[in-house]
Amino acid sequence: MAKDEAQQYGLGNHETWWEDPPPNRGRSGPDKLRWPLLSVVFTLPYLIPVTKSLLARDPVTPGVVALWALVYGVAVSYALFPLAFDRTRPFRFAYSVWMLVLGLAVIAATGASPFVMLYGTAALVFLLPLAWVVILDGVALLLAAGILLLDGRFGDNWGDLVTVGSVTMAMFFMSSLVRAVRRLQQANEEIATLAVANERERVARDLHDLLGHSLTTITVKAGLARRVLESAGDIPRAVEEIREVEGLTRSALSDVRATVSEYREVSLSAEIVGARAALRAAEIDADLPHAVDNVRPEFQSVFGYVLREAVTNVLRHSGAKLVKVKLGDTWLEVEDDGRATEVVPGNGLRGLTERLAAAGGTLRASARPGGGLLVRAEIPLPEPRAAAPAVRAEPAGGLA
C-alpha cells in the first residue's frame, strides 16, 4: 500500500479518528437473532460468581433487589448490543456511556472483578469514532482503578485491570483494522463504478467518431450515386459508388466490433485515404499530405481521430469548397473555407479534447476571418530528463 493510502485509511489520518465506523456492505453489526444467545455464553463467567454472592445475602431487601437488577442489567444491555448499530451517533454514544456506567456501578456495589468492564469497553470500540473510544475507555479504566483503591482491593485486582486494558487495546486495533478494510472495500466499489462509467464514455466516444464519419461518408456516396443515376444514367459509375458504400458499411461494422472489444487502432495514413475519398464524393477539393512520415509514431493514432472528426464536421456542416490538412511532428491542422463564423462545440470536439488531454495535448478550434474553421491539435514533447553529470575516470595508478 502506498504511503498516502496508508495515511488515508490508517491511524495517521485525523479524519479517521473522528468519523463514524463505516457500514459493512449493508449489514449493521452482529446478527440480531444469534447474538443474544452468544451474549449468554460470554456473560456466564461474570454472572455465575456474582449470582452466587447475591444468593448468599439474606434477608432479601430492596437494596439486594437493586443489586440483582444492576448485575443482570449489564447482561441484558450487552445482549441488546446489535440494536445500537442501527441508531444515530447520540444513541450509540448514550448506549456506550450506559454500559461503562453499569460496569463501574457493579464493581463499586458488588465487589465484582474488573473484568465486568470488558462488556462496555469492547462494545464501545465498534460503535463510536476512535477518538471517543480512547477518551471514554481511558476515563472508565481510571475510574475503575479509583474505585478499587477506595475499596482497598487494588492490590488484589490490579492484574485484572491491566488485563482489561490490554484486551480493550487489542479490540481497539482490531476495530481499526476492520474499519480500514471496510473503507478499502468502499473505495474499490467506487473505483469499479468509475471504471464502468469511463468504459461507457470510451465506447460512446469511439462509436461517435466511427459511425459519425462512416455514416456521413455513406450518405454522401449514396447521394452521389442517386444523382448520377438521375442526371446522367451512368450505371457503371453508380454501381462503383454503391460498391464503395458496401465496403464502407462492412468496414464500419468491423470497426464497431473492434471498438467494443477495445482492439481497434486508428491509422493516420488510412484516415487520410478515407478523407480524400469522402471529400471527393462530396465534390470538395482536398489539399492533403501524401505521407505521414514526419509525424511522430506515438501521436499518429490520436491525430487520426482528429482528422476523422474534422473531416466529418466539414462534410456535415461547413458547406466548404476546399479543405487543407497540414502535418508536423507534434501537430495537425485542418482548415476549411466554409461558412462557419463561430465555433459551436459539440460531442465530437468534446471527445477529441478528452482524447488529446489524455495524451497530454490540446485542441483549439477557431473561426477564420473569411469564414470557415481552423482546427489545430498539438501534443508537446515530454521534457527531457536532466542528464546525469559525467564522472571523470582516473587511472588506477593516480595522476601522472
Side-chain angles (χ1 to χ4, degrees), residues 206-232 234 236-252 254-255 266-295 300-328 331-341 343-344 346-349 351-352 355 363-368 370-377:
D206 287 356
L207 289 179
H208 174 272
D209 294 344
L210 285 171
L211 295 182
H213 177 79
S214 300
L215 293 178
T216 300
T217 305
I218 290 170
T219 301
V220 171
K221 284 188 168 293
L224 177 60
R226 176 183 55 80
R227 290 194 299 272
V228 167
L229 290 174
E230 289 177 347
S231 59
D234 190 349
R237 184 182 176 187
V239 170
E240 182 63 27
E241 294 294 337
I242 292 174
R243 284 177 178 171
E244 292 188 9
V245 168
E246 181 183 6
L248 286 170
T249 304
R250 295 181 184 276
S251 177
S254 176
D255 284 344
V266 171
S267 168
L268 179 58
S269 57
E271 292 303 324
I272 290 178
V273 174
R276 182 176 285 111
L279 293 171
R280 184 181 67 247
E283 299 180 351
I284 299 175
D285 293 332
D287 183 1
L288 304 176
H290 296 283
V292 297
D293 298 340
N294 59 327
V295 181
Q300 290 189 13
S301 177
V302 178
F303 288 161
Y305 278 108
V306 175
L307 179 60
R308 173 187 285 263
E309 181 61 30
V311 171
T312 301
N313 286 337
V314 170
L315 295 173
R316 284 180 174 176
H317 313 298
S318 70
K321 297 299 181 181
L322 175 64
V323 173
K324 295 181 180 180
V325 176
K326 299 178 182 179
L327 294 173
W331 57 271
L332 175 143
E333 285 186 353
V334 181
E335 182 180 6
D336 69 76
D337 63 349
R339 54 178 177 268
T341 58
V343 179
V344 181
N347 292 330
L349 288 179
L352 291 180
R355 285 186 187 278
L363 180 78
R364 294 196 302 271
S366 58
R368 299 173 64 250
L373 291 179
L374 173 63
V375 177
R376 179 181 176 89

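These numbers come from a predicted model, not from an experiment.
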Nearest-0.5 Å distance that lies between atom CG in L373 and atom CD in E335: 10.0 Å
R364, CZ: over 12 other non-hydrogen atoms inside 6.0 angstrom: no
From CD1 (I284) to NZ (K321), nearest 0.5 Å: 8.0 Å
Test side-chain contact (heavy atoms from CB on, under 4.5 Å) applied to V292 and I272, step by step: CA-CA 9 Å; V292 297; I272 290 178; 3.4 Å; yes
Exercise: identify the closest heavy-atom pair between D337 and A320: OD1-CB, 3.3 Å
All side-chain hydrogen bond (donor to acceptor under 3.5 Å, both in side chains) counterparts of R276, not counting sequence neighbours: none
Distance, nearest 0.5 Å, that separates CG of L332 from CD of E271: 11.0 Å
Closest non-hydrogen atom pair between A377 and L363, with its separation: CB-CD1, 3.9 Å
Rounded distance [0.5 Å steps], CG in L352 versus CG in N313: 8.0 Å
Residues forming a side-chain hydrogen bond (donor to acceptor under 3.5 Å, both in side chains) with Q300, sequence neighbours excluded: none
Interatomic distance, D285 atom CG to L279 atom CG [nearest 0.5 angstrom]: 9.5 Å
Where G371 and R368 come nearest, the two heavy atoms and their spacing: O-NH1, 2.8 Å
Heavy-atom closest pair, residues V220 and A278: CG1-O, 4.3 Å
Where E241 and A225 come nearest, the two heavy atoms and their spacing: CB-CB, 3.9 Å
Straight-line distance of I218 CD1 to I242 CD1, nearest 0.5 Å: 12.5 Å
R243 atom CZ: more than 12 heavy-atom contacts under 6.0 Å: no
Exercise: identify the closest heavy-atom pair between A367 and V343: N-CG2, 3.9 Å
Result of checking V311, L322, V323, L374 against D336 for side-chain contact (heavy atoms from CB on, under 4.5 Å): V323
